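I have placed the structure first, in the form of structure tokens, so that the comments after it can refer back to it.
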Amino acid sequence: ETGVTQTPRHLVMGMTNKKSLKCEQHLGHNAMYWYKQSAKKPLELMFVYNFKEQTENNSVPSRFSPECPNSSHLFLHLHTLQPEDSALYLCASSQVFVQGYGYTFGSGTRLTVV
Amino acid sequence: AQTVTQSQPEMSVQEAETVTLSCTYDTSESDYYLFWYKQPPSRQMILVIRQEAYKQQNATENRFSVNFQKAAKSFSLKISDSQLGDAAMYFCAYRSGISNFGNEKLTFGTGTRLTIIP
């Protein structure tokens, strides 16, 4: 049990499909994050939620739509994606206002857009 | 903006030997935190070790230790007595020491793939 659970583990979708990624944390953290991990590139921060309010959108295309209904759940809604969106999508959580707190990560969703 | 650089895309080490992974960073802040994360084939990123910039003493966690050179903005990870289970991608990460909204995010390097040779 990692504390941060991501589903599904793998996802293959066509460019016209609509799908959602889910992330759930049971650690009582107050911040949640979506990162995109592509080969040979640094992890790219996509969205930040603090106390379920979005505090950062790192110039992410509108075909990615996040949702945070409460501080324990985070979704990433996907629609009309492009092949270059294929990547590992990682969710993480942490505590804001606690100095030096690191992240707890989920195992990611491997997304393939065909 | 802060940047983190890992100049070694791949490293290999003989089992039971010692290996050092390099990381440099760029920041104008004086208070910050540095992390090393491990990502095995299971894909989950696991925290290996953490260093507070205001502490001169290098952090140590069992076989893992860091060499933190604040003036040089260098933060290397040393793995002693390497084991097969240490094979993974290793990421260096930076976090601002200011704990408020917008400053809590981690900035990562591109990672180093470590292979352990039996």
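The shown structure was predicted, so the numbers you read here are calculated from the model rather than taken from an experiment. Below, read A as the first sequence line, B as the second, and so on, with proteins coming before strands; counting in each chain starts at 1.
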Under 3.5 Å, is there a donor-acceptor pair between the [X] and [Y] side chains?
{"X": "B:Y94", "Y": "B:T27", "answer": "yes"}
{"X": "B:S30", "Y": "B:Y54", "answer": "no"}
{"X": "A:Q95", "Y": "A:H29", "answer": "no"}

If you round to the nearest 0.5 Å, how far is [atom2] of [Y] from [atom1] of [X]?
{"X": "A:N17", "Y": "A:L11", "atom1": "CG", "atom2": "CG", "result": "8.5 Å"}
{"X": "A:E44", "Y": "A:Y35", "atom1": "CD", "atom2": "OH", "result": "11.0 Å"}
{"X": "B:F35", "Y": "B:M45", "atom1": "CZ", "atom2": "CE", "result": "11.5 Å"}

*Using non-hydrogen atoms only, which part of B:Y37 is less than 4.5 Å away from chain A: side chain, backbone, both, or neither?*
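For B:Y37, the side chain is the part near chain A, not the backbone.
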_Per-residue contact mode, B:Q39 against chain A (heavy atom under 4.5 angstrom)_ =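 Side chain only.
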Contact class of [X] relative to chain B, heavy atoms under 4.5 angstrom:
{"X": "A:Y103", "result": "both"}
{"X": "A:T109", "result": "backbone"}
{"X": "A:Q37", "result": "side chain"}

*Not counting sequence neighbours, which residues clear ring pair (Phe, Tyr, Trp, His ring centres under 6.0 Å) with A:Y89? List them please.*
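Partners of A:Y89 under the ring pair (Phe, Tyr, Trp, His ring centres under 6.0 Å) test: A:F64.
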*Distance-minimising heavy-atom pair for B:A87 and B:I116*: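 Result for this residue pair: N-CG1, 3.7 Å.
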*What are the residues of residues 17-26 of chain B, in order of number, with any heavy atom under 4.5 angstrom from a heavy atom of chain A?*
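Counting heavy atoms that sit under 4.5 Å from chain A, no residue of residues 17-26 of chain B is involved.
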